Amino acid sequence: MTVPSRALLTRAAADLLESLQRQHGPVMFHQSGGCCDGSSPMCYPVGDFIVGDRDVLLGVLDVGDGVPVWISGPQFDTWKHTQLVIDLVPGRGGGFSLESPEGVRFLSRGRAFTEDENRQLETVPPLTGAQYEAGAQPPGPRGDVVAEAADACPIPAGRAAQFPQ
């Protein structure tokens, strides 16, 4: 049984990540908890952000040698039923995230997992920072690149009129 990835990204976000990797080497994301930069996925060179023992690895995105996506343990408890989709939008990112000078920013979108997907995910607990530091490797597939956020975050039928294109 293949479990769904907890993190995906759009083609636009993947293209920028490839460029950032060429400039900065390996990179990672940490899903911000809502302080200074709202709830933005923050992109850092690997090693510039210290992952905590209780942080949770949502997955590894399929870009370059892989881009780990982390979230704090308490925030994961709130988001565990949601697939994170990292997108790229115009505007200035905040703080120290690597895309800030590029005139764009990474943006988190979400899709609620189905009941079946949630049951599948319960069979494969995510890794914590402490487990990862001890050498454990993430199970399951890498997070796919999707054409655009709408591919991963469709608006439910009957609600499309509330969200004009």
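Computation of the quantities below employed the complete heavy-atom set of this structure, encompassing side-chain atoms and omitting hydrogens, waters and symmetry-equivalent molecules. For reference, positions follow the sequence shown, starting with 1. Note that the coordinates shown come from a computational prediction; the quantities given were computed from them, not determined experimentally.
For Glu117 and Arg111, the salt-bridge test passes: some basic side-chain N is under 4.0 Å from an acidic carboxylate O.
Separation of atoms CG (Leu127) and CD (Gln137) is listed at 8.0 Å; rounding is to 0.5 Å. Taking CD1 of Ile50 as the start and NE2 of His30 as the end, the distance is 11.5 Å to the nearest 0.5 Å. A distance of 4.0 Å separates CG in Asp87 from OG1 in Thr10, rounded to the nearest 0.5 Å. Note that CZ of Arg54 and CG of Asp77 are 8.5 Å apart. Values are rounded to the nearest 0.5 Å. The distance from the CG atom of Leu61 to the OG atom of Ser5 is 7.0 Å, given to the nearest 0.5 Å.
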Is there a side chain to side chain contact (heavy atoms under 4.5 Å, CB included) between Ile71 and Trp79? Walk through the geometry before answering. CA-CA 9 Å; Ile71 191 169; Trp79 285 48; 4.1 Å; yes
Determine, stepwise, if the pair Gln83 / Leu58 fulfils side chain to side chain contact (heavy atoms under 4.5 Å, CB included). CA-CA 9 Å; Gln83 186 174 54; Leu58 291 178; over 6 Å; no
With side chain to side chain contact (heavy atoms under 4.5 Å, CB included) as the test, would you mind laying out the steps for Phe29 and Met42 before giving the verdict? CA-CA 5 Å; Phe29 278 108; Met42 305 297 288; 5.9 Å; no
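Residue Arg109 comes nearest to Val89 through the heavy atom pair NH2-CG1, 3.7 Å, listed as atom of the first residue, atom of the second, then distance. For the pair Gln120 and Pro4, the tightest heavy-atom approach, listed with the atom from each and the gap, is OE1-CD, 3.3 Å. Across Val69 and Leu84, no two heavy atoms sit closer than the pair CG1-CD2, 3.9 Å. Summarising the geometry of Asn118 relative to Lys80, their closest heavy-atom pair is OD1-O, 4.2 Å, with the distance given to 0.1 Å. Counting all heavy atoms, side chain and backbone alike, Val67 lies closest to Gln21 at CG2-NE2, 3.4 Å. Here the closest heavy-atom approach between residue Gly66 and residue Val60 is recorded as CA-CG1, 3.6 Å.
Counting only heavy atoms from C-beta outward, the side chains of Leu9 and Leu17 approach each other to under 4.5 Å. Looking at heavy atoms from C-beta onward, Phe106 lies in side-chain contact with Leu88 at the 4.5 angstrom threshold. No side-chain heavy atom of Asp53 sits under 4.5 Å from any side-chain heavy atom of Thr128. Taking 4.5 Å as the limit, every side-chain heavy atom of Arg105 sits out of range of all side-chain heavy atoms of Ser100. Annotation: side chain of Phe96 is in contact with side chain of Tyr44 (closest heavy-atom distance under 4.5 Å). For the pair Leu16/Val104, a side-chain contact is recorded, criterion being any heavy-atom separation below 4.5 Å from C-beta on.
Remark: the Asp55 side chain and the Ser72 side chain contain no N/O donor-acceptor pair separated by less than 3.5 Å. Between the side chains of Ser108 and Gln31, a donor-acceptor pair is found at a separation under 3.5 Å.
Applying the salt bridge (Lys or Arg N to Asp or Glu O under 4.0 Å) rule to Asp116 yields the partners Arg119; only residues at least two apart in sequence or on another chain are considered. The ring-ring contact (aromatic ring centres under 6.0 Å, His included) search around Phe76 returns none, not counting sequence neighbours. Applying the ring-ring contact (aromatic ring centres under 6.0 Å, His included) rule to Phe113 yields no partners; only residues at least two apart in sequence or on another chain are considered.
By the neighbour-count criterion of 12 heavy atoms within 6.0 Å, atom CD of Gln23 is densely surrounded, having more than that number from other residues, nucleotides or ligands. More than 12 heavy atoms of other shown residues, nucleotides or ligands fall within 6.0 angstrom of atom CD in Glu102.
The main-chain N or O of Cys43 is found under 3.5 Å from a side-chain atom of Ser97 such that the two form a donor-acceptor pair.
Taking the ring centroids of Trp70 and Tyr132, they lie under the 6.0 Å cut-off.
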